[in-house]
Structures are given as C-alpha cells and as structure tokens.
Amino acid sequence: MLTGSKTTFKVRQMVPDVKDRMLSHSSLHSRGREMFGLCCLPGECVLQRAVLVRKKLSAKEGGGWLSGTLFCTHFRVAFVPQDSPKPDDNADPVLLGDHDVALASIEKVVAVGPSRTKLVTANSSLKFTPEELVLYCRDLRVICFLFDRLTPETQAVEITYTIAKTYQPLKPGTVLSFQNAALGSIEMKQFLSNRPRDPDMNWFESTVDWEQELERVGATGWRVSSVNDRFEMSTSLSRFNVVPQKVLDTELKKTFAHFNEGRLPRWCWRHPRGSDLLRMASFQNNIYHEKDDIRNLELVLFGVQQVCVVVELGEEMPSTADIQLAHTRLRTLCLGDISASVSVPDDKWLSTLEGTHWLDYIRCCLRKSGEVASLLRGGHLTVVLQEADDRDMNCVVSSLVQVMCDPHCRTVAGFQALVQKEWIMAGHRFLSRMNYNRDSDKEEAPVFLLFLDCVWQLCAQFPSRFQLSGDYLLALHDSLHVPLFSSFLANCQRERSRRSQHLAQSYTPVNGLRELPRGSPLQDPCCDPPLPPVWDWALQYSGQRRGRFTQPVTQPASPPPLLNGNLNTNLDPHRHVDGMAGSVFLLSKGSFSSPSNLLPWRSSAGSAYRKSHRRAPSAEMLPALERLLRACSLTESGPDPHEPLLPLLLGPCIKVWRDCYLRGALHAQAFTHPMPSSMLHPVDQLSLEVQQLREKLAQASSTSSSSCSSSSSSPTSSRTSSNPRIKQDARRTDSNLNQNANNGTFLFPNSRSSNQPPAAPRGNTQTAASVKPTSRPPTSIANPPQTRPSGRDGTKHTFLFGGHQPDNRPGQQRYIPAPHTKPPRSRSSSSSGGSSGIHGNNVQ
Amino acid sequence: MLSLGSSGGKQPAKPSFVSYVTPEEINPEKETSKKERLPALLPGEVVFCSANPVLKFTQDELSQRGVFGTLVCTNFRVSFISDEAQTEDTTQHFKNKLYGENDIPLMCVDHIYGGYDDKKKLITGPQLKNKYPSKIIIHCKDLRVFQYCLTFTDEKDARKIFQGIVHHCLESKSLKCVFAFSYSANNAEMQRKWRTVMFDATEDWAQEMKRTKGNCRLVTENYAFELFPRLPQYFIVPAAVTDEDFQTAKKFNGKGLPIWCWSHHSGCALFKTATVPLMQEDTVSQNYVERMLTAVAQNHLYSVKTEDLGDTLPSLQEVQLAYSKFKQFFLIDNSTDFWVSDVKWFSSLENTGWLDIIRQCLQKALEVVECLEKENTNVLIMDEEGSDLCCVVSSLVQLMLDPYYRTLMGFQSLVQKEWVAAGHNFQDRCNHLHHKDKEHLQSPVFLLFLECVWQLLQQHSPAFQFSETYLTVLSDSLHVPVFSTFLFNSAQQRLGMLLTAESPQQQPWTQRGPLSCPTVWDWSVQFDCRSQEFFINPVYSEKLRVDKAAKKSHRPKHTRQLSLPAFKTPPKKGFFKEETDSLKKMLRAKRLSRWMLSPDASPQAASREFYEAWQRRPLDYHGVLLPQLDGPAVRVWMQRYLRWIPEVQIFGGGAVALTSRLSELQVEVQELVRRLERHGGHGHGGGGGGGVYYRDGPPPPYPGASTPSPTLLQMPSQSHLLRSSVRLSSSFPFISVRNWSFKPAIPTSMGPQGLSFTDPDNIASKEDEYSETISLV
C-alpha cells in the first residue's frame, strides 16, 4: 500500500505550515487523482494521513469497526477502508465517499485520550496522544475513529490538529473557501458543468416546467406569467408564476404592490377534486386600493373558483425563533452536551423530549396541513395560505399538503420537484435559515428540517404509500449541512441566478443544461465555483446507497388521473360547498369565520365595493365548511389514492426520528450492533433477492426465448403467451385480490397490478360505482381467495396490454400506458429507481 | 370481530343502528320483535342472568351512539350479543375461540363503574344504597372499555343484570367457582401433546440440567410437598446441600434454599431463593444462610454473588401503583379523555414510573448476566418470596443468555419453569378471586416480565421466534379462567385442586395426575391454526440447521468472551482453595448484601462497560443479547396498550405493513425461483448474492445469520390474508378494520345512511369506486 510515497510523506510532515504543504501538494498532484489510495478530486490534496485507523460504523452501515486509513484533505475528512476496491481512474469524481465527512459539516472535534477527553480547536494544543478521534457533525452524526496502537503517534496527533485547524468553525467566509476547495479546480468546474440534469424531475425553472405541472394535475384556468422575469415585480419570487388566465400581465403588475414583498397569490397545486391551493404573503395595508385593482386582486385571489378560504399561518404556527430554539434543545438532548458530557438521565428523557417542543411543532404543522388537505378535498374551493412573508411556514404547509394528497409527491422525483417548486423557487431563505456563513444568527431556523421531519412522520405512519425511503430523507437532511449545493445557497431565485450570471457564462434554462464552453482556460480560478444542485445525488452517494433512497422494490407511482375535478361527482351532496360567489373565509384555530377586514380592500372600500361587487359572505356557509374539516378527519384514509394521508397526531403516534437524531448520540451508538454487513433487514434482503432473480430471469429468458417473437409481453411469456385465456383468468383473480395495491401505494411491488388495465369483470362495477358511491356492486372483496390457484403460476408477471385496452374510454386514452412503454425488461432492471418510465409517459 | 353468539341471529334484523337515541325514540314494535339470544356457550358454561335491550355504546367521541343487544352474564363471561344482523366479517383473521370481541371473561374485569348522568362512580359491591346506575362502564384488564346503557331495559332486568355482573366480577369467590373447573369437567377431549416442557416431572428437570450442563442435585423428596409446600414438586439445589439442610430449611418453610435456575456454559449457575428473615442473635438462621451460601459457592468453585432484589428493585406495591397509574392513560371511556391526556403525554407516562421499573428490571438482569458471562461467578438472587422479582430477573437473564428460550417453545418452557412450576403466586398477584384482604398482594409481576421481554423483542427483533402479538395474547390469557397455568399460587395448590376436582376420592399425590384443565400453551383452545401464525415473528432469523446439529455435540465456543478472567477455571474437584476461605471470611464479615464489587465502581458503570464490550463484538442473534436501557430505548408497548384506541390506529401502517410486505416478497421470490427453474438450469448456476431465502440457496457464509427459515417459507400462507393490508390498521391482529363506525358529518337522523357506512358492502363499493379511478388511468 505504501511504497515510495511513504518517505516523502514523512518528510512533508515535518513541514509545519499547512499552507506550504497544500501548495506543494497541489502543484505536484494538480492532475493526480489518487493519493495513498485516496481517490482525490482534481486539485484536492491530502493534508494529513493516519494509517491503521478504525472507524466505528453505525447500525445502518452494519455496525462494528472498519479498519483503514484516515485522511484529511482541505475539503473533507476521508476514510478509506483497507480492502476497498481500487478506485477507477475513469470514474467520475465523487465529492464525498461513503465514509467521508465534509469539513464544513463538522461542528466539533474531540480527542479522547487514555484518561481524558479534550475538545480540540484550532488554537489548542494536545498534551496526550489521542486514542480516539470523535467528530461531531452539524447533521447530528457523530463519527468516531479509533487509532490503533500501531498508528504512529505523530500521525494521530497531527491529523487531529489538522482537522481541528482546517474545519474552521463559525468563521465568516469559510464557506467560500470550502467551496473553492471542493469545486474550484478547473477540472471540477468542467466536470460539474457537464453534469446532465435529472430529466425525470421537474425543475420549475422555465415556463415549460410550470405548464407541465399544470397539465399533470389538470389545472385549467391558469397560466404561467413571466411578468417577474427580471425580478422587477418581486425580488424574492421566482421568474415564473402561475396566475389566473383571466388576469393580464399588465393588470397583474399593479397587484404586486398590494402584498408584502410583492408576493402575490400564486397557484401551487390543484387537488384532483378541483380545489386550488394558493399561497401569498400578507396584504400591504397602507396602500390605497383602487377600484380597478380590486377586481384584479380578487381575480388573483379567487382564481377559478367562487369561494376562497384564507388560511392564516401566522398565529398558530411556531415562529422561526421557536423552531430554532426547539431544534437546539433537541440537539442538546440527542447529542448531549459534548464538552460537559452531561446527559439527561434516562428516566427524564421523555419529559425532556416533551420540553423541547419539537414534536409539538411537528404536530402543529401536520395538523394544519391536514386541515388544509381536508378542505381541498371538499372541492371547488380556493385555499390560500397566508403568512406574513410567505417564505417559511407557507413552504412547509403547502408542500406537506401536497405530500399528503398527491401520490406523485411521494416518489423521489416528485418530491424533488416539490421541494424545487415550493421551497427553492418559491424563495425559502435557505441561506439565512441555515446560516452557512454564520452571519445571520438571528434568522437561523431549521424550517426545512422541520419539514423533513414532518415528511418522515408521514413516511413512518404510512410506509406503504411512499416510494421514497427514510434513507432518502436522511440524505437530504445531511446534504443541507454541506454548503456546496446551489439549491440551498441562496435565498431566492434572483440571488441564485445572479450568482450563476456572475460566472462569465450563464446557462440557458430552456434545455436544462448548463452549457459552459468546453475548456475555457481563461476562467478566473478565484471566481465562484459552479455549484451543483443537491439533486445530483451521484456526487455524494454511491450507487449502492442511492439504491436505498427508494423503497427496495416498488412500483412506480401510478400517474394520477387527470380528472379536472371530475372526482367531485363522488362526493356526497351535503359536502358540496355552495357558497355565495365571492365569499371569503378565514380558517384559524380549526374553525371558520368571515371577518370583515380579512381582505383589506373590502373593509376599506366600504360601500363602493359592495355596490360594485359581490355580496358579503354568507354565514350559512360556515357550518358547511366546518363539516368539511371534521368529516374528513374522521374518515379512514382508505383505498382512494386521493384521500389525503392524514397522519395521526396523538402523543403515541408522533415519534422521534431515531435514524436521524439518535444515530450520532453516544447512547444510540450503543445500539449499533456490530453485525455482518451482509445482514440486512429481511425485507431488504428479500427485495434484493427479488431484484436479482428478476434480472436473472430476464437474462435467462432473453437467451431462451430469443427465438420467440413476443415483442410486447414479458420475456417469460414464451410459455404463457401461448395460452392467453388462462393468463387472463389468472390476472383477474389477482387484480381482485390486489385492489389495494393499485392505490398509488408502493408497498406492494406487484407490478402486475399497476401495469394491468382492470380486468373485464370489473368494468360494470366501475360504471355503477361512479354514479353513486352507495351502490352495491355485485363483486365485492368478500370472496377473493378461492379462485387463486391459477394465479400462482408464472402468468401474473406477464403483461398484455392489447387485449384489455379499454376502448370505451376515449377521453382517457392518452393516459393508458402504451404497450411498449414499459417492457418488463426495463422494469426488472430498474425496479428501484425505475419510476422514470411512468413519469415520462405521464407528461407526454 | 363478532361475538360468539353471532351464529344465533339469523333473521335480518332491522337496522337498529341508532344514533342519538333518546328514550322517546325507542319504538315499541322493535322490542316485541326481539327475542333474547344467547351466546354459543362453552362446555360447562351456565347463564346466570341476561337483559334486553341494552345499548352498547361505541367508543366514540361523545359516546352518543350504540348498538342494541342482549347483555348476558354467565359463569365465564359478560357477553353482549348485538341485535343487529351480524355482517360477515371477512377480514377477521384473528379470532379468539373462547371469547369474542364483545365478551369479557369474568376474571378480566378490572373495574366496574356506574354511570349516573354525568358522573362516574366506582362500584365495589352489588348492593347499592341509592339508585342503580343507568350505565355500566367496565374496564378490562386487557384494557378494553365497555359501556352499557341500561336505560331502555326493564327495571327489574336492569337491576338483576347489574347485580349479577357486579357480583360475579367483583365479589370474592372460592377457587372452586372459577370457570376452569366446570369447563374442564365438561370438556373431555383435550390435547395432551405439548412440546413445551412442563417441568412437572423429574425427567424434565434432569433434561434441563443436562441441556445446560449444570451439575446440581435434583431433589425429588418433595414430590408430595411434605417438606416444602411452597416449593415445586421437583427442584434442583446445589450439590452441596445435604438432607440435613433440608430439615433446617423446613423450619424456614423452604426459604433460603437456593433453587437452581440455569447453568452458564462456563459452569457457574444462577440460583434464586427466598430471603430468610434474619433475627438478631439468631445463630441458627445465620448459620443456615451461611451454609446455603457456601453450598452455592461450591457449585462452581469459589465465588458467589448475592443480590437481594427486595433492596434494589422497587417493591411489589410500587410496581402495582406504577402500573395502575400507567394503565389509566389507556383505559379511556371516550376519545375526549384521550385527547386530554395527550397534552402532556410523555411526561405523564414518565411520571407513572412504570417505564422506569421496566428499565430497572432489565438493568438488574443485565448485571446478573455480566456476572455470569464475564466474571463467571455464581449468582444468588433473592427476594421476599423467592418467586416474584426473582422470577422476573432470572427469566430475563436466561432469555438474554440462552437462545433456546427465545424460541416459542423455549419461551413457554421458560415460563413454565420459572413461573408456573416455581410457584409464582399468580392467584394472589392477579387477585383472580377478588379477595378483599388480598388486594395488597396484587401486583402485575408477570406482566412486568412480559413488558421486559417486549423491550428485548423490540430491540432485537430477529432474535426471537415469537412475535409481539404472542406476548400480547399471552398477557391477555392471564385473565382467561380456562387455563390451569395462571390460576394457582403454587404447584401444590395446582396439583391439589386439579386432582380433587377430578376425582376427590383418590389419594392426592400419586403420580402426576391427569390434568384436565388445558394449559395456556395449548393455543388451539383459543385460536385456530391461522391465527396462531401470528405468533411467529416473521423476521426471526433462525439458526442454521447445520449449526444446530453441531451445537448438540459441543457447547458454544467461548470465542466471544474477550473478557474472560486471565486464569482458567480449575477442574471441578479442586474446590476448597484459598479463595474459598477468603470468601468465607468475606461472607462472615458482610451479611448478604450488595454485589461484591470492587469498591471504586458503581454497578451501573460496571455494567455499562460490560455492555460496551458486548457491543463491540459482532452481533449474534443466537448468542448473548443485551437490552439497551437508555431513555429513548425503553418504549411503550404500543400493541398491548393502544390496540383498542381507534384514534391511534394507523391505517396501512405499523408492523402489519412490514409483515405483509415480507410475505409479499416471499411469494414473489418463490414465484421467480420457480420461473427461473422452468427456464432450466439458470436457477442456481448464476447464484451471486441471491438465494438467501429459498431453500436450496447457498448458506450464508457467516454463522448465525438469517437463513432459509421454515417460518419464512410458511409465511406465504398468511400472505393472501394480508393482501388487503392497506386497510389494515397498526393494531392489526386485534382490530383489523377500524371498528368505530363512520361519524356522520351531521349527527342527526342517520337511519339507513348511517348504517351504510358500517356496511362492508359499502367498503366494497368504495373500493370499486377506487378501482374505477385506476381504470381511468
């Protein structure tokens, strides 16, 4: 492992100055990829190294100790396991390996000696040889390295010093140098600029993206306005915003001023039952509302509906300061006070947890989102989320509502699009809230982390409804603490694009590729490095770990039906909200009211308004709305995929995100059972096996049935396709059994159910059921299993679309997957991340 | 779930589902059409009294709606038979054959409250001074809550049923009246094959000692309970205990005799005993105690550690108090209560101290494990009776150390050995007979043990063959008066009662008499095969077969014991060394006291160290298993405590989701394997990392890892049941579908519409509605 380089290394070790060493290295290895077995980024150099180090593995990683070599570069602390495969020279550079920590996410460095522990800072000196090196990270990880007796003492001491000196806590300006360290080299810049974007997800950067979203959810009456293209109307809003079709851009321009920061009501999402979700900032009260403006204001606010409910998020939701305080307390509880090593006694743990109020805030967000989701479910409402600046809790609630209601948002691609839409483009102040530069302590608040925790709660309660996994949420959580990603390094789109324009070349958002001219050597090395989006997971996570982002074997989300509110026909009549046109209600504390000053122009404009416009909201509508809320909260979130996932909010149901908060805690490390790494959870193991078997099967069949010309059916169908009638029977029983599997759930990987058009006998029941929910169809779930046997043979994995193409529904024709869109081959190979095919179809 | 009596109701009764019933609304024609229906009685079951119509409230927000039916009190249960036509509940996978959803075994009744208008009053006896309550609220020991309204009942009937229920549930009665006796007298056919070791014969004990390689003396002299009535028929003591010692021990009622529990493979063993009351200046007892200690010490050379659990663990009264506080949070009359308690959920749970008691027990067990595993000393634990907390700790220790006890049969044997045969005072601790003067003896010790096991199960799920559901059911069975297992105070009482009940004229203790009461381990009495599948933990990683065979030939290797003492244990013969003398001195100097630890380390810190050492080793689910005891680790047994509370049922969530996913995947794996095989030869050839779970797959290269376990392979039989798991709630086996009816948006006239919400057909139509949606896709 160490040949000649060892001596040179030792010599360099004598050089006291870090900077000198850095320079010498970078000059020597500016092109070199590999140093001492560490696969370096271009331009990265190793500052210090310690051999024969063991790393304590977390339970997720299999537990136990892994021996290898510890490196400290000026960008990361890297750990290379002893028998790790030789890095491939042609492989893409990876920012962080599986065992690496970015220096910027380190919070504290603690050296553990034989009898004492010491917090090591840049200026401190060690009086003992550390036996153990513990890195406390901002993302609540605790990474523990153990020096062997055979590790040279100088190495142990030096690397501790080096890490302590280079991670540079809490100093303004470190972020930039960190970024430069990671991405500053020309090779890296080129590499990053050539990264293809994830084509599956919606980036919401162009009008096309927004239109695609409008089409996906079937929202009509809305258009994408580019009136804010140069950020003249509102600096914090995105370039493109969705507004009612009726409002012209010229009219729109006047309405900006009536809202705080110009954040006028914008469309976010449409519920399949026809309600729209909007968000806006608070009204500017000191402005005179002209008569013409009022019409536009109302148009913007009401959208395409007649009734509008304003959900004011200011009062009941925790303030950002609350969130910050709660999170700090939670950190302290979970990590313990590192320096004092005082931890909460076990028998007081629960009450201390309660005292952090973190769980209360989660509950609060989930409850409010549940209320909004129930409202939307009522149909034909405009629900407007209002918050003073529309940049914190509005993001949380609007995205949670969509996670609850829209199965698409529970896939990885959909979730990323959601974050892109409701957070990044909507102008959540990531930079200030995360306080990367340590210059906005007052504004720091982990609002996004709160949101992630809320999603995790949903995920924990309804694991079968999510395609994304806890690992994915955890990865996102951790990435938030690495200040490298453009997604999180700006407060709004304007800042973000200014930054990229600062680079001599601006990218063209239309084709979605950042096109930097190849090999522009003149680029100033001091210029900001190009920052990748966080969604480029390959930069941070190995393929193996990315595989765990999705539930191991899942069916991709069934594309949501685009019904344009047609679902509404199923509603019970008394749930209809036939409010007076133009009624506005306020939802606060779980009840509705219609205060006169809700819309400032109505109260101020007084009689003039009433004459010209609509009547005052009717009081009779209030109970109807309240009914909406309550009725929904009591129905079970049954098989209907459009039923919102309403989480249970009672004490026993809201849990601590153990995988995240407790993974680093020392007492949770006690939980890390050393186990063989191959020892997965049975579910994972089985699903892995399913994948492997499928691949093998695909192989086997492609060889064996190559003569067989079955173009559209599964590769195995050489036998079965000769007997289509049996197949049909088998599938019918299957689909009967697996009705639930169709519900946009992901737990049941039976692609058979998702890919099959409904079997013939259920056709009549569908029409019956669509007329009236109370009608009793002849087929019920009462007697499924008898007709089982033939379903057990291989036929159920085959797909025949042709025979079952429901011809009687021409209107929906385009959403029926075309026979060739999903050949089983591709399904079998991409069963984990393979939602692409479906989503691709969906937007065609 | 249906009540047992459901089969009786054939006629399609009118929709009697009434909401907001006021007395005026009962229509008389309805009453006339009613005939009283009786539940399908068990053998030996006798109906005492019944009343109709009684309104059973559903557990709803305002408790305003309910079902009419007949309330029946028999000598086994309080049963409610709904007047409604029972709808076929197809999703019912888990059904108790003895008592249904609406039945409460008499022993299971915890408290009865009378409801007067708004007030709730605890009922203590059948005779009431003032008027009879209009509502009976029954809190069950399995945490169900029933509310019956007697307003519509004939006043005479109402009084009769009220008195009957209160009398039979709360009044003290003699053991003979317990239903088990009349049940067994009338139920001739019994299964007699138990794979569970019952520890009621010498062979069982000898076998157990052989299995653990213990080297102690099996005492058979007590087979007729002449020496020690409190002790089991057969028991094992250290080899050094002589017959003379028995005579001395007799004076102390058998207290102080160290009873062997289990031997560690290193040779040291765990003993338990009852504390001998030590008088001042009482040389007899002091000598006796010392002799016993020496005897224990001689079992495995020179060292013994004693621990008086009475000093270090909470007393039985504290346990009882904590539990009764704790369970209040789950016994809710209506959901409003629950919302109220929710505000301070965590701190109120913590304040009851129940979780902390669990933690302390586990901690103590951990310390004992450390002594056995690391220091290889004998351990003698004692408490006042020798059969309460001793049992908890000793069984936990065995569970942690011995993988055999983590199998279903092993666990049952463990309970049989440490609790049933060893004479835990089940009768008094549960106060089965409602003796007022024994109320202070009541204490949920066995439940405490199950709680601790649950914590272990939670933390190391793959190590246990049985599931959480099994534990829950076992804790319920404690209060089903059909089984002999949990009914008695001692082995003597059990044998005596069962034999005299059977044939009074026979001489009592001949051989093991024909037990005619079923034991609780005979699960087929309660559940059919399908339901019993839920007892198996789907993620149990079974030991490799090969390993098992190998294990028989040689004991487990000492590879994991990194921290063995430097000196090896000398051969057995060589005791009486210097160490023994020093031990004697120590014993003399210090009475039975705390652990003899080095003075500088507190036991907590020491066990912490031990724990961390254990943690560093690779986890072996078939080796030593230690619990984690930190704040977040000790949790509430959700399934047991929350299963009846609709508000916390998560649909499509909880453990069911996992189970069903697992079975789903298994089906798929088998399917794929079969298809691969059909393709000929490719099935095994290219086997890379796959093939872990199917039978012919290559065994995993590491020992003790999960394997093609037969349980996993038999799981698919459940799978088709679980297909519908999206609708299954987190408290699945107990409540499969949310059993509270849809709460109408407007709680006014509901009539047929309201009924339709509970109707399964409606669910079906809903599903079709759904499938329609998909078909449009």
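Keep in mind that the numbers below use all heavy atoms, side chains included, and drop hydrogens, waters and symmetry copies.
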**Student:** Compare every heavy atom of A:Arg658 with every heavy atom of B:Ala633, then report the nearest pair and how far apart it is.
**Tutor:** CA-NH2, 4.0 Å
**Student:** For the atom pair CD (B:Glu350) and OG1 (A:Thr352), what is the distance rounded to the nearest 0.5 Å?
**Tutor:**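 B:Glu350 CD to A:Thr352 OG1: 6.5 Å, rounded to 0.5 Å.
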**Student:** Rounded to the nearest 0.5 Å, how far does OG of A:Ser351 lie from CG of B:Asn351?
**Tutor:**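 Reported to 0.5 Å precision, the distance equals 7.0 Å.
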**Student:** Rounded to the nearest 0.5 Å, how far apart are CD of A:Glu354 and OG of B:Ser348?
**Tutor:**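 That separation rounds to 6.5 Å.
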**Student:** Before you tell me yes or no, could you show the steps for B:Trp345 and A:Ile654 under side chain to side chain contact (heavy atoms under 4.5 Å, CB included), namely the whole-Å CA-CA distance, both residues' side-chain angles and the distance that decides it to 0.1 Å?
**Tutor:** CA-CA 11 Å; B:Trp345 175 255; A:Ile654 297 292; over 6 Å; no
